[in-house]
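Computed over heavy atoms, backbone and side chain alike; hydrogens, waters and symmetry mates excluded. Nothing here was measured: the structure is a model prediction, and the numbers come from that model.
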Amino acid sequence: MITRAKYNPVALEEKWQARWDERDIYAARDDDPRPKFYNLVMFPYPSGDLHIGHWYNYTGADIYGRYMRMRGHNVTQPIGFDAFGLPAENAAIKRNIQPRAWTLDNIARMREQLKRMGAGWDWPREVVTCLPDYYTWTQWIFLQFFKNGQAYRTKAPANWCPTCNTTLANEQVVNGACERCGTPVERREIDQWLLRITDYADELLHFDGMDWPEKTRLMQTNWIGRSEGAELRFTARVPVAGPIKNGKRAAAKTENAATPATVAGGESENAATPATGGYEQVEIPVFTTRPDTIYGVTFFVLAPEHPLVERLTAPERRDAVQAYIEQTRHESEIERLSTEKDRAKTGVPLGGAVTNPVTGQQVPVWIADYVLMGYGTGAVMGVPAHDQRDFEFARQFGLPIVEVIREEGEPATDPATWETAKTAKGAMVNSGAFDGTPGPEAIRRVIEWAEAHGVGKGAVNYRMRDWLISRQRYWGAPIPIVYCPEHGAVPVPEDQLPVMLPDEVEFKPTGESPLRYVPEFLHTTCPICGKPATRETDTLDTFICSAWYFLRYADPRDAQHAWVNDKVDEWLPVDMYIGGAEHAVMHLLYARYFVKALRDMGLLNISEPFRRLYHQGIVLGRDGVKMSKSRGNVIAPDDVVNVHGADAVRAYLMFMGPFDQGGPWNDKGIEGVYRYLNRVWTLVTDAIERRGEGGEGQRVAAGASVDRLRHKMIARVSGEYDALRYNTALAALMEFVNALNKLRDETPDLVRDDRFAAALDTLMVLLAPMTPFITEELWHELGHDESIHEQPWPAYDPALTVDDLITVVVQVNGKVRDRLEVAADVSEADVRALALASARVQSATGGREPKKFVYVPGRLANIVV
RNA sequence: GCCGGCGUGGCGGAACGGUAUACGCGGCAGUCUCAAAAACUGCUGCCCGACAGGGCUUGUGGGUUCGAAUCCCACCGCCGGCACCA
């Protein structure tokens with residue numbers, strides 16, 4: 001009895017990881033002549049431990065990278081840490097530890113865990129966004145955006161907790177209240193920096209040449225929300241603006257395409273005199289996708305925050321309007337936008353009226369929370385007959401409903417009897433001179449009329465808003481701006497970067513940014529005049545850090561530049577980007593915007609960052625639901641790796657189901673995969689041993705079957721890897737091992753046939769991307785010196801992937817009745833004769849004459865009787 | 001509410017419009033063992049049948065087709081995204 005070394009994954013994985021580290025075999029060189037392949041994963045937030053979702057994402061990506069490397073590409077698979085963000089501050093407050101120390105500790109631990117996975121990380125390219133050698137360039141990019149008019153400062157709403165005296169992230173608002181103190185959260189306008197992503201709305205709608213999931217393109221398209229229609233200017237007679245109240249008056253929302261209100265004939269600021277008494281005419285533009293329904297306007301609705309609300313409110317309505325505004329100010333956006341069935345429309349009339357620019361008709365003005373200041377112009381023309389929301393609003397408050405669009409052939413009906421609005425396009429009716437204008441022309445004709453009469457124009461509107469990048473927090477990249485009493489907001493000169501984030505700060509219970517309490521940070525001098533000035537204490541949204549890290553990977557150690565285009569052009573665009581679908585919109589849209597904006601600043605030559613995108617699925621807990629600490633169903637990768645090894649964890653994760661679907665974790669499932677790896681181990685070590693007993697180089701008849709099997713497997717597994725179908729790739733490799741075991745049991749001498757040896761080599765190579773450690777070990781045991789991960793992917797001979805004998809299925813009326821074992825090149829006539837001669841077929845046909853004979857060559861025959 | 005996706009054995013899941021249930025888990029039986037575990041071998045969709053064999057089966061109901069898990073229509077259920085977008 002010979003004792004062979006047992007498969008001991010933990011020990012051999014440590015050994016090989018150390019050797020790979022020494023040789024840095026996964027570090028891609030810029031001057032490598034092979035075609036490049038940029039294999040990117042979404043870098044992790046250093047939360048403390050790598051979780052099973054990271055393993056899933058990174059294993060699937062790593063398999064692809066290893067496969068492409070063996071396919072002859074110069075693969076880089078960089079990794080880094082998205083290291084700024086809120087959790088570090090939370091941990092700091094909770095555990096009295098500095099965010100920097102907490103973050104760097106976590107990174108150190110996660111680096112080790114990332115190594116343990118056996119992924120081919122290109123470590124020399126690592127980036128850590130919270131370190132100055134990275135955020136210097138994040139700040140530099142902000143300055144480029146500022147210089148090129150892409151960054152601007154304006155009042156923007158934030159969640160405000162009046163007790164903590166601080167802004168809150170959405171995550172910190174629980175049921176409309178501050179998560180720390182329970183105080184109801186208010187919306188508050190504060191000065192913040194934004195980026196003009198809306199400038200790129202149209203270009204971002206194009207995905208030419210991009211291999212992205214349809215679902216993601218659709219989500220981005222819907223997020224951008226382009227709609228075509230018209231801007232129509234309604235007018236109202238209002239009291240001349242009085243003295244400025246509460247510090248703001250009709251502050252035009254300058255950042256959208258349309259301005260909400262301007263006084264006819266000039267700027268409101270200039271035209272309005274602070275005199276008392278007197279009236280003036282103001283224009284209130286609305287955006288509508290249905291200008292053809294203009295004759296159906298029976299009311300007009302403003303967002304409660306609309307700057308003209310106060311002046312349009314009749315004195316006797318003031319109290320009711322104030323009360324309603326106060327009510328909506330405390331409603332969260334979610335509540336306001338809720339479409340729960342029972343939720344009735346709310347709103348109050350202002351007591352004033354506006355004039356329809358096309359019909360000249362006066363209609364009452366209301367405010368209602370279903371109109372949002374952030375979309376369009378913050379004003380809606382109410383057309384209850386043809387818009388469902390307006391319909392419900394009119395029903396709620398007894399406002400008239402007038403039908404102005406009718407589909408062809410439809411009889412006139414009384415809108416009072418309708419149950420819903422009629423939103424289909426049709427011909428205009430009850431519309432004066434426009435009556436009878438058919439649907440396709442109606443919108444265009446009304447726009448032409450409005451343009452000719454100077455009361456409106458065709459317009460495009462977007463749902464997407466500009467990107468708010470200010471965060472009133474410490475743990476982020478400081479915004480490189482200085483406020484000078486004389487010169488206002490002044491950018492920090494590039495040669496003075498970075499604006500260093502103080503390493504240690506104090507978190508005071510006021511909740512104000514700790515940076516305000518660091519005098520040496522706060523106080524500085526104006527870059528223009530040298531007089532005392534203060535720094536911006538807001539930091540950048542961490543989405544900024546992650547909107548360009550893939551550029552930095554091209555040359556991360558360059559201390560003089562964020563990047564140089566020689567290197568970027570060599571590696572970018574990313575060939576494969578794998579990450580979670582939760583980033584389908586924000587991160588992926590921001591990164592695309594960055595690349596386009598930087599291109600237009602002359603800083604990049606590419607237009608899109610990611611050529612191919614893939615979203616992995618989600619690993620669920622043992623109970624089949626999403627893992628969460630509160631449910632206690634979290635799988636800790638370290639625990640499983642300690643028992644079965646990284647290879648088994650990798651292979652099991654991939655075997656669970658299709659890579660883009662994820663699935664529930666099953667402890668028995670990983671045991672099955674572990675058993676498989678043991679069978680692989682035994683198959684190979686047993687063959688080596690028996691081969692050593694002498695008589696190598698024999699040839700046995702079964703060798704031909706082995707050879708055929710080997711070629712078939714190369715073809716099959718290659719196709720599966722190409723399509724990231726790892727579950728079926730592993731199924732094929734399991735079949736391969738089962739078949740080799742069986743053939744060898746039938747013909748023990750097979751182990752001495754070089755075709756069996758070749759099959760074992762091929763098995764190792766095909767399995768290598770999935771389970772890099774065991775295959776490396778056995779590869780060397782099989783007598784090879786180089787790393788298996790530097791081997792070329794094997795080729796196959798198509799002629800050897802087909803069998804001499806095939807099975808042709810014989811159906812009678814579509815039901816399988818017999819199977820014929822015939823030569824692969826059998827003729828239809830022969831199949832027909834054999835099929836009709838079959839006893840089973842004859843019994844099924846009952847002697848009836850075939851009406852029809854369908855033949856699918858080499859597969860199936862169907863006899864119809 | 002809108003948009004997207006998905007419903008296949010006891011379970012995870014396979015299946016170019018052409019042999020449904022590959023591969024794995026679980027279960028049953030056996031080999032080895034004093035015994036058990038591990039390992040290995042065989043069987044394992046459901047129903048009838050001793051066998052031979054027959055019938056049924058991809059959420060439900062229709063349709064297209066020689067042939068449908070796959071395509072079309074309607075319904076039921078589950079999951080994800082967006083949230084009154086004018």
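- The partner of B:C56 is B:G45, judged by Watson-Crick or G-U wobble contacts that both fall below 3.5 Å.
- Separation of the C1' atoms belonging to B:G67 and B:G63 is 15 Å when rounded to the nearest angstrom.
- Residue contacts shown for A:Arg217 are absent, as no nucleic acid heavy atom lies under 4.0 Å away.
- In this structure, a donor-acceptor pair under 3.5 Å is present between the side chains of A:Tyr324 and A:Thr346.
- For the C1' atom pair drawn from B:U60 and B:U8, the interatomic distance equals 15 Å after rounding to whole Å.
- Residue A:Lys215 has no polar side-chain atom (N or O) positioned under 4.0 Å from OP1 or OP2 of B:G4.
- An OP1 or OP2 oxygen of B:C56 is reached within less than 4.0 angstrom by a side-chain nitrogen or oxygen of A:Lys815.
- Close to B:C2, at under 4.0 Å from its OP1 or OP2, lies no side-chain N or O of A:Asn222.
- Using a 4.0 Å cut-off, some side-chain N or O of A:Arg675 falls inside it from OP1 or OP2 of B:G26.
- In this structure, B:C51 forms no base pair with any nucleotide, since neither Watson-Crick nor G-U wobble geometry is met with both distances under 3.5 Å.
- Below 30°, between 30° and 60°, or above 60°: for A:Trp665 and A:Tyr652 the angle between ring planes is above 60°, a perpendicular geometry.
- Base orientation of B:G9: syn, since the glycosidic angle falls within 90° of 0.
- For the pair A:Asp369 CG and B:A86 P, the interatomic distance rounds to 17 Å; values are reported in whole Å.
- Spacing between atom NE2 of A:His615 and atom P of B:C6 amounts to 16 Å, rounded to whole angstrom units.
- Here B:A86 presents its C1' atom at 17 Å from CZ of A:Phe391, a figure rounded to the nearest Å.
- If you check the side chains of A:Glu228 and A:Thr289, you find no donor sitting under 3.5 Å from an acceptor.
- Note on A:Gly672: only backbone sugar-phosphate atoms sit closer than 4.0 angstrom, heavy atoms only; bases stay farther off.
- As the counterpart of B:G18, B:C66 is assigned, both hydrogen-bonding distances of the Watson-Crick or G-U wobble pattern falling under 3.5 Å.
- Remark: B:C32 base-pairs with no nucleotide; criterion is Watson-Crick or G-U wobble with both hydrogen-bond distances under 3.5 Å.
- As a whole-Å value, the separation of A:Glu214 CD from B:G81 C1' is 15 Å.
- OP1 or OP2 of B:A14 lies within a sub-4.0 Å distance of a side-chain N or O belonging to A:Asn727.
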Side-chain donor-acceptor pairs of residues 735-742 of chain A under 3.5 Å, sequence neighbours excluded:
unit_1, atom_1, unit_2, atom_2, d
A:Glu735, OE2, A:Arg716, NH2, 2.9
A:Asn738, ND2, A:Met734, O, 3.4
A:Asn741, OD1, A:Arg744, NH1, 3.4
A:Asn741, OD1, A:Arg744, NH2, 3.1

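- At the heavy-atom level, A:Val816 lies under 4.0 Å from the strands shown only through sugar-phosphate atoms.
- Pair check for B:A38 finds none; no Watson-Crick or G-U wobble contact set falls under 3.5 Å.
- Side-chain N/O atoms of A:Arg463 include none lying less than 4.0 angstrom from OP1 or OP2 on B:A86.
- Residues A:Gly669 and A:Asp745 both approach RNA chain B. Their nearest nucleotides, taken by heavy-atom distance, put A:Gly669 toward the 5′ side.
- Comparing A:Leu218 and A:Arg817 along RNA chain B, the residue whose closest nucleotide (by nearest heavy atom) sits nearer the 5' end is A:Leu218.
- Pairing of B:G77, defined by two Watson-Crick or G-U wobble distances under 3.5 Å, is identified with B:C6.
- In the model, A:Tyr375 has a side-chain atom that pairs as donor or acceptor with a side-chain atom of A:Asn461 under 3.5 Å.
- Shown are A:Phe300, A:Phe393, A:Phe299; of these, the ring pair (Phe, Tyr, Trp, His ring centres under 6.0 Å) with A:Trp366 is made only by A:Phe393.
- Put simply, CG on A:Asp667 is 14 Å from C1' on B:C11, counting in whole angstrom units.
- Per the geometry, CG belonging to A:Leu743 stands 13 Å off P belonging to B:U41, to the nearest Å.
- A salt bridge links A:Arg217 with A:Glu214; the closest basic N to acidic carboxylate O contact falls under 4.0 Å.
- Rounded to a whole Å, the CZ atom of A:Arg716 is 13 Å from the P atom of B:A14.
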